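Below, chain A is the first sequence line, B the second, and so on; all start at residue 1. Computed from a prediction, not measured in an experiment: that's the story for all the values here.
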Amino acid sequence: MTLWFVFALMTVAAIFAVLWPLSRSSSAQPGGSEAVVYRDQLAEIDRDVAAGLIGVSEAEAARVEIGRRLLAAAEGQRDLPARSNLSLRRASAIVALVGLPIAAVTFYLAFGSPWLGDFPLASRTRTADVNQPLDNMVAQVEAHLEKNPADGRGWTVLAPVLARLGRYEDAVRAYRNAITYAGDGAERRSDLGEALAGAAGGVVTAEAKAEFERAVAQSADEPKANYFLGLAAEQDGRQADAAAIWRGMLAKASADAPWRPLIEAALTRVGDPAAPALSNDAVAAAKDMSEADRGAMIRGMVDRLATRLKQDGDDVEGWLRLVRAYMVMGERDKAVSALTDARQAVANDAERLRQLNEGLKNLGLDG
Amino acid sequence: MIAEAGHYALVLALGLALIQSTVPLLGARWGDHALMNVARSTALAQLLFVAASFTALTMLHVVSDFSVANVFENSHSMKPLLYKITGVWGNHEGSMLLWVLILALFGGLVAAFGNNLPLSLRAHVLAVQGWVAAAFYLFILVTSNPFLRIASPPIEGRDLNPVLQDIGLAVHPPMLYLGYVGFSISFSFAVAALIEGRIDAAWARWVRPWTLVAWIFLTLGIAMGSYWAYYELGWGGWWFWDPVENASLMPWLAGTALLHSAVVMEKRNALKVWTILLSILTFSLSLLGTFLVRSGVLTSVHAFATDPARGVFILLILCLFIGGSLSLFAWRASSLKQGGLFAPISREGALVLNNLLITVACWTVLLGTLYPMVHEVLTGNKVSVGAPYFNLTFGPLCLGLMLAVPFGPLLAWKRGDLLGAAQRLTAAGIAALIAIAVLWAWTWGGATFAPLVIGLAVFVVAGAMTDLAERMALFRVPLGVAMARARGLPRSTWGSAFAHAGVGIALIGIVCETTWNSEYIGSMKPNDVAKVAGYQLKLDGVTQRQGPNFREMIAQFAVTLDGDELRVMTPSKRNFTTRNSSTTEAALLTRGASQLYISLGDTNADGAIAVRIYHKPLVLLIWWGPVLMAFGGLLSLSDRRLRVGAPKPAKAARALQPAE
């Protein structure tokens, strides 16, 4: 209510600013004129001559010039005699009284949020609350760690949350601090590597690889590190090495290891004949992977497919898979451009072109 | 409530600006004083509401109300109070709010102190101000609203760009905006004159203080920005010919030309149409600068955010105002009465030459700034037009201008005597030659061009002093009489002498810094010693420190010159965790006008720090020059007397010099 009262007061002040001059009698202020300036200039010449700044002959010439300007100014006297135009004044008053408030309130309501109160930081509780968004709790922990940077446990708790939120850069920093203050470990090293890969958009960079290698050095069977080392090999184009690493993992793993389907899926991807076909279970299991794992896996697959199709464009099935993948990843632009590439690649073969169009219809991307 | 009240105040200001831009025009058309006076009260009320809006945003930043998107994106609760306040305009939305605040401030000042203006002129001027203001209020409210809210406010903000967390942000943007926006007044006066179809010497008298104020602030603003870049960016450079810098230089050049042509108009009733055109162009260049910086066309520290809608909106404003005013000019200029005549060799002629050189220089800057962008839009290729282009085009024009500067004030109005002026400048010329000879002898085998340019700069400074001495009749009359005459000289004469000397002094600084700058770049470990320009800098050690919202690595350098301990210099590197970025805080040691400059780079794996050390001889003159120029402007501004350009009669013998 107070807010609307303040708005009303402000509106009244604005209206008053328009109405006040309209209500005054018109002869209140005549305003200045050019003639005043020229008369002052003439006076200035006298002063300059008295001070010896200009010579008498120059002063005379200046007086003649200014006199001419003064005459011209007096002739075309700028201010016409005051006429009051009542109808215009009334119209202006109505605009101010009615138009201004309506326009202001309409415009304000289009952009403003009158239902929101103030939230100065000082009056807000800093205690954790179940209803608070995750971001706020993270911010609180971060603020705490800002003041106590040596709190290893805090960093250990914060790091996976940051990775989950997709804040990989911060997660990397948090994992590093966790390693510094809460002790080194194979698992922490591979988590750090995973965050680094996440920050690089799923690419296992040299920096990330170094972390995985450190993890493996500490514990040779650390599954995450081994998986990512395989992925690194795959991304480098060393399919055989990747397959070897992953096969080794499967050989050592117990039958009920939760990551088994993921590795099997990866093996199928690199075209390892020894691996079992990618079962539906494997795909389902891949869904349970962390966001970073899955993102990295899918992106790796799609990129590889795209590269292969660029070299060998005859594979209609492959093109369809690529387009479908881009659609699923929400990258419609890429899907459309892949579609164009596909049409170009199979343009010379009527049968393949028919297959392609048929398949595209099923994808809902025809035309 | 604060946020919403500020938001509503801004909307009301828009409403008032719309009324201010129409009702007074009708009043002037029908000769109704009351309607014309609406301009005045609405301008003042508008100032009140924009000021309230700006105050509201400042309060929101101070109390860290993160329910306001603008505060959340650009503030942090741990930030020191000063940066919470300066952070208000350290972002796109807030800086636009500052822009309109200053626009309203100038409008309010005209309304409050424009009593000496004819009523209809004041009504027209304020109406034009109203158009500009309305366009920018609309821009802010629709595309860059600083009062948009977040329903579930986050607990912490994203912090201000660390580079901007500096005292420079408190000074540079407000000054620059006072300059940029101040030129809107001369623009409004020019458009008002075109609408009325009348223009005369009195017009120039009325515009003079506004142009001067804008010019003074722009001069200081640019100098301040340059010094800020010099000490904050860590490269020791003070001017990069960056499009954003050029965007501020262009209105300054046009404004300088305007200042000079307005003098001719006020005193001699000549160059009227040209002065009107310059007024329009100066503000158009200010708008262009706003567009370049705010549209996201350029990416730099100034481009806080990029959003195509904003760019298009500002482009529309730009086209509307520049196109509209130039069309009006084309339509009405021919109906304006021509002014007085003068010989080519005269004070007027000298000022025309000044205008010619400055506008061409301004044009080269405009070309160098826009060409790369246009080229990129048309061909998609990036080209960079850097210092070499500007040195080859802008440089010679400036040197030509410098050569002419001392002659101007010594020529008489209407018809002058070039030979006589040259004779009176003999002393200045001799001083310049001595400077060149001494410098050549001192730096034998070094740069050949630099001493020549310094000689030119000395000529400019000595020329300014000659002008004063001539007017005081120093050495021709007894000293007491000369002193009395000095006191009697108009302050504007002193002002122009100071401003011209300032140009020379800045030039000396520029040449010295670029020619005799010495540097050491390398990595240093504790107890390493670097030698630069006779100074010995020993790295004593490196310490860490926790600041309010950053961590800082400080290096201590003990500086000695010929065995004397001078001081400990402490350059540092700050890491801002919230934005995960770092800034370098250069350490400066001032010796006279020269400076020793250290900035830190990254730390190597083996613990060595990359260090850049520069010795910059007479570098401070680069900024003392503009300060002197601004001081000259201030002196001239304080001279409220009327100005008369007494013409030299055709056959009069060389008598006393005409006064300013």
Side-chain angles (χ1 to χ4, degrees), chain A residues 2-3 6-7 10 14 17-18 20-22 24 26 31-34 37 40-41 44-45 48 51 53-55 57-59 61-62 65 69 78-80 82-85 88-89 92 95-96 100 103-104 107-108 111-114 116-122 133 135-136 139-140 143 146 169, chain B residues 1-2 4-5 7-9 11-12 15-16 19 23 26 30-35 37-38 40-42 45 49 63-67 77 115-120 122 141 145 149 151-156 198 200-202 205 269 488 577 580 641-642 644 646-649 652 655-656 658-659:
Chain A
T2 338
L3 183 67
V6 171
F7 283 5
M10 284 159 74
V18 183
W20 185 64
L22 290 177
R24 309 259 296 180
S26 43
S33 77
E34 293 102 333
V37 173
D40 287 350
Q41 277 192 334
E44 193 67 42
I45 295 178
D48 280 351
L53 287 171
I54 51 175
S57 57
E58 280 141 343
E65 274 200 4
R69 284 180 219 159
R78 196 187 285 258
D79 284 317
L80 305 162
R83 286 172 290 164
S84 47
N85 191 324
L88 264 182
R89 284 194 197 183
S92 311
V95 166
L100 187 63
F107 207 92
Y108 167 74
F111 295 98
S113 321
L116 283 181
D118 286 348
F119 293 91
L121 197 67
D135 283 354
N136 286 3
Q140 281 176 15
E146 191 67 32
E169 304 279 354
Chain B
M1 195 183 89
I2 296 174
E4 298 309 311
H7 195 166
Y8 189 69
V11 175
L12 275 180
L16 285 170
I19 291 181
V23 172
L26 294 173
W30 302 108
D32 188 322
H33 286 191
L35 288 175
N37 273 328
V38 168
R40 205 174 175 199
S41 56
T42 45
F49 284 119
V63 301
S64 297
D65 187 336
F66 295 124
S67 69
S77 61
N115 290 328
N116 57 344
L117 300 177
L119 212 51
S120 71
R122 192 174 69 194
L141 287 167
N145 199 320
R149 307 291 296 272
S152 55
I155 202 84
E156 194 48 274
R198 291 193 46 158
D200 38 47
R205 165 74 185 82
N269 205 24
T577 33
N580 197 12
R641 297 202 302 186
L642 273 296
V644 186
K648 196 176 170 78
L656 295 154

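When side chains are defined from C-beta on, B:Ser67 does not count as touching A:Leu116, because their heavy atoms never get closer than 4.5 Å.
Between B:Ala5 and A:Val6, the closest heavy-atom pair is CB-CG1, 4.4 Å.
For B:Phe49, there are no ring pair (Phe, Tyr, Trp, His ring centres under 6.0 Å) partners, not counting sequence neighbours. In this view, B:Val63 and A:Pro120, B:Asp65 satisfy the side chain to side chain contact (heavy atoms under 4.5 Å, CB included) rule, not counting sequence neighbours.
Listed options A:Ser113, A:Ala104, A:Gly117 were ranked by heavy-atom pairs under 4.5 angstrom with chain B; first place goes to A:Ser113. Between chain A and the residues B:Asn145, B:Ile19, B:Leu26, the most heavy-atom pairs under 4.5 angstrom are made by B:Ile19. When each of B:Ser41, B:Ala45, B:Ala9 is scored by its heavy-atom pairs under 4.5 Å with chain A, the top score falls to B:Ser41. For chain B, the option among A:Val18, A:Leu100, A:Asp118, A:Leu88 with the highest count of heavy-atom pairs below 4.5 Å is A:Asp118.
B:Val23 touches chain A through its side chain: at least one heavy atom from C-beta onward sits under 4.5 Å away, while N, CA, C and O do not.
Ring orientation note: the planes of A:Phe111 and B:His7 are tilted relative to one another, at an angle of 30° to 60°.
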